[in-house]
Amino acid sequence: MVFISRLPAAVCCLFGFALAQQDLLVFQDGISVYKLADTSSAPEIWVSSSDFPAITRTARDLALDFGRVVGVNGTLKELDTLPSSRNGTAPIIITGTIGHSTLIDKLVDAGKIDVSEIEDKWESYTTVFVEDVTSSIPWALVIAGSDKRGTVYGLYDISQTIGVSPWYWWADVPPKTKTGIWVRDARKDQGPPSIKYRGFFINDEAPALTGWAEKNFGLTPSGRPFNSEFYKLVFELCLRLRANYIWPAMWGSAFYADDEENGPLADEYGVFVGTSHHEPMARSEREQQQEVEGNWDWVDNKEAIIEFFEGGVERAKNWDTIFTLGMRGSGDAASPTLTADSLVEIIDVQQGLLEDILSKNLTDIPQTWVLYKEVGRYYQSGMKVPDTVTLLWTDDNVGNLLRTPLANETDRQAGAGVYYHFDYVGAPRNYKWINTIQLVKTWEQMQLAYEKGAREIWIVNIGDIKPLEIPTSHFLDMAYDMSNHAGPDSTTKWIRRWAAAEFEERIADRIVEILSTYGKLILRRKYELLSRKPFAYSVAYYDEAEAVLAEWTDLLDIAQSTYNSLPQSTRTPFFEMVLHPILAGKTVVELYIKAELNLWRHRQRRTSTNQLATDVQNLFLEDQEITSRYHSLMNGKWDRMMTQTHIGYDNWQEPAENTLPPLVYHGEENVPKSGIMGVSIQGSNFSSPGDPVPDLLSMDPYMPGSEQRYLDIFTRNNGTFSYSITSNASYVTISNSAGTLSTTENISDVRNIIKVDWNAAPVGSTVVGLKITPTNAPGSWPITFNLPVNKRSVPSSFSGYVESGGAVAIEAEHYSENEEKSGLSYVTIPHYGRTLSGVKLWPVTADSQSPDTAPKLTYTFYTFTEAEKPRLLVFLGATLNHDPSRVLRYAFSIDGGEPVIVQPVPTTPMGSEPSGWTDAVIAGGWTSASAIELSPGAHTLELWLLEPGVVVQRLVVDVGGYQQTSLGPPESTHVE
Ligand SMILES: *[C@@H]1O[C@H](CO)[C@@H](O)[C@H](O)[C@H]1NC(C)=O
Ligand SMILES: *[C@@H]1O[C@H](CO)[C@@H](O)[C@H](O)[C@H]1NC(C)=O
Ligand SMILES: *[C@@H]1O[C@H](CO)[C@@H](O)[C@H](O)[C@H]1NC(C)=O
């Protein structure tokens, strides 16, 4: 929570500006007379030599940040007392930690600053303009921290406000230069962060980060690249992002041992170091393998393991450390011998060591136990964990929480937290290449975790750090101040703020559109899963594959044009964080879509099969060029950072190298006896004449606007032929109704779009013949395709969604009524999910509901088809049963019938995935289907979401025409 207020002593407003907001710092002349810096002067920053080293170090960063912004570095001065006279005239910033800084304590004692808002609070600070500091100091800007990191964040807050991004180094965001910086007579009180311990886990280390670090920092004597020079950059980033906690890189690396400077350095910066979920007692997995005499097995090697634990605590005892407790088996796997009883014993022994060696009350030692995978099962079975240990719940490795604190767990002394993933190595497939995170999904889950009381620790696996800048900033901003992320549209607002800060206000709305769309497209299928069969997007129905590719193309267009509009200086960071994932991502998606069309067209015997194969090969090369472009940025600063393989996965683990998907070619064997002309239609891979002639998919007046019906005419052999198409009904017409195709002219396919004049068409179902007549096409003969035309209408009194082609699809936010009841309502989460948005019960602290108690959502729809087995399909988010006593449920009722309660996610013991989980995480959500009874006519669907963890994206009523695709039918036509 931030409070900025004006002091009663009014500052003179030279030009009588009406100030829009109460900013402490302003960058325009004429608002305040208190100039802090300009292009020829920068402030002195006074710190007390008695303060924490972290304060001097951060103050030095702030001094350099003035240099970055105005071109003159600030000057750091270490003093013990406020001097009675001074030599210079530079403006002064006085900073320090209450109780540790003689300067700050002096100002407090003298009544010059009031720190009562923040004193004794965790990581808080007051930044305040002070007049008449001493007789020789007419004014100063004072930053007083409640503790070490409170002061650090206060200093970095100035850095960020004057224009230095937390990503200035890691993403090359240029400082926003200024010609002047003034302080206003105001104050800012920044209270404690929402989450006590917040940070990230570097955990996707090869080949990208490892290769990059090795190139830049060389290898330690133990042969590892992550030395203290590397960690200086990491810690600075961590603190500038207002985080305070890291789990260091651990694939073969041992943070404390690889470089003995690493441990003390973290402490000097003021960063808490922990170790990952299977690395107890501040020791790494590599140390487990190398330092333990005998097996990593508690049951038969207890003594050696206790000694090993002791060594970890001894080594880290003087540094800010969060001790990971418990144990897993060797190499991040379940242990064959551990039981709940032995885990109780292990934690008991570990706590004994902590108490002894640190000589502190356990309540004052941050400790956590990570309930990862099988570990959760021990807890579930009733294992007692001391109150002084933070329970660190996890997601399913793909961003869906497995567990939130239960009502009876919220008063544990050390509380609970979340270990979350933006990068993962494991099933169903790794995702470690580029950013694949939907920000608003992160918000939906973490806001839930926060409201359920998981507020002690948030740590997120961010892989290689580098391509995950945006989700990392988003996650840590939430962790720092959840009050800015309270509402369902807060992610949209956050992107806007982030974009304006990192780039410029002018393109902030564009970046909102770009990142929101990217989140939606990437949620549908991660890149690594695109090689999976059946292919993600249907080439047969709803023109899904082509439509998805068009969405990517549009997205790239706007990202590219935004890039083009930027000055040279911000193009690089924009490329790294925004354009690259879209450009590289679209290239890979296009590659796979074209590879699938290559197979499809081969079955249809099209000569253009070969063009698609060539396209795929070119896209494969383009992917390599995009990687090279990334590697050549900033004169090679990021060389090797994009070396992660990503094309050609055939199991969960990455392929050794990128490999082209299988391609097929049109050849002699594919030339049919029925001649050069081929005709194909949607939903069929037949090629006529020759193959049977299927009926076209039907048309009706309520077809969704984005759906079309067409015939594709194409060459099946090299040569030239002409065609004409005639319709036997005047109300059905077709585009390109006559033409010539010629492989020598490179015109091998033509799409002929069918139009129906619904005013002229007869009422009811008719069948119209579309006859294609070839000329100069030896071996081919005229063929007629039948088009079912269903002219039907809904009664004029009806308002709602109308069936077309045997299905009705409605986006969840398009209800006709949204009830509020007993303080509960439904909120729309913009850009959530795969198509438009999500709808969920609000607030998330709501109790379990029943159809009697919950508010209801109402949808109206109309069907014409008498279906044998009508169904309701509900497309949900990928959320899981995060509270075992309150499984996710919703209820629906058709036409006022008895509500049917549905549990979309099967119940499962803690630590194992529910059945259907793999499909749900691959598809980016659950789809649950219920049989319904329905006769043709107008209907009302009522929906109750009975738990706040349920997020609904779309509803589909299937009356026989629904085709199983990734996204389902386009949204139906709505009539008023
Ligand atoms: C600020 O100091 C750093 C470190 O000494 C130096 O590299 C940089 O050039 C200085 N910047 C300016 C603007 O003088
Ligand atoms: C002023 O300069 C003198 C001589 O260089 C030095 O001893 C003293 O510490 C300086 N005082 C301050 C407040 O910087
Ligand atoms: C540790 O601190 C807690 C809470 O302040 C207190 O209740 C407990 O008695 C202390 N334990 C010891 C061993 O001092």
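Both ligands and their constituent atoms are indexed starting at 1 by order of listing.
The ligand atoms of ligand 1 that sit less than 4.0 angstrom from a heavy atom of L64 are 1 (C), 2 (O), 3 (C), 4 (C). Residue G71 approaches ligand 1 through these ligand atoms, each under 4.0 Å from one of its heavy atoms: 13 (C).
The protein reaches atom 2 (O) of ligand 1 closely, with a heavy atom under 4.0 angstrom from it. At least one protein heavy atom sits closer than 4.0 Å to atom 14 (O) of ligand 1. For atom 11 (N) of ligand 1, a protein heavy-atom neighbour is found at a distance under 4.0 Å.
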Take R283 and R315 through the test side-chain contact (heavy atoms from CB on, under 4.5 Å) and record every step on the way to the result. CA-CA 9 Å; R283 302 207 76 167; R315 182 172 58 192; 3.8 Å; yes
For E502 and R497, run salt bridge (Lys or Arg N to Asp or Glu O under 4.0 Å): C-alpha distance rounded to whole Å, both residues' side-chain angles, the deciding distance at 0.1 Å, then the answer. CA-CA 9 Å; E502 302 295 323; R497 285 198 303 276; over 6 Å; no
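Here the closest non-hydrogen pair linking Y231 and I202 is CE2-CD1, 4.2 Å. Residues P225 and F230 come closest through the heavy atom pair O-CB, 4.4 Å.
Nearest non-hydrogen protein atom to atom 9 (O) of ligand 1 is N73 ND2, 4.8 Å.
With salt bridges taken as basic N to acidic carboxylate O contacts below 4.0 Å, none links D51 and K148.
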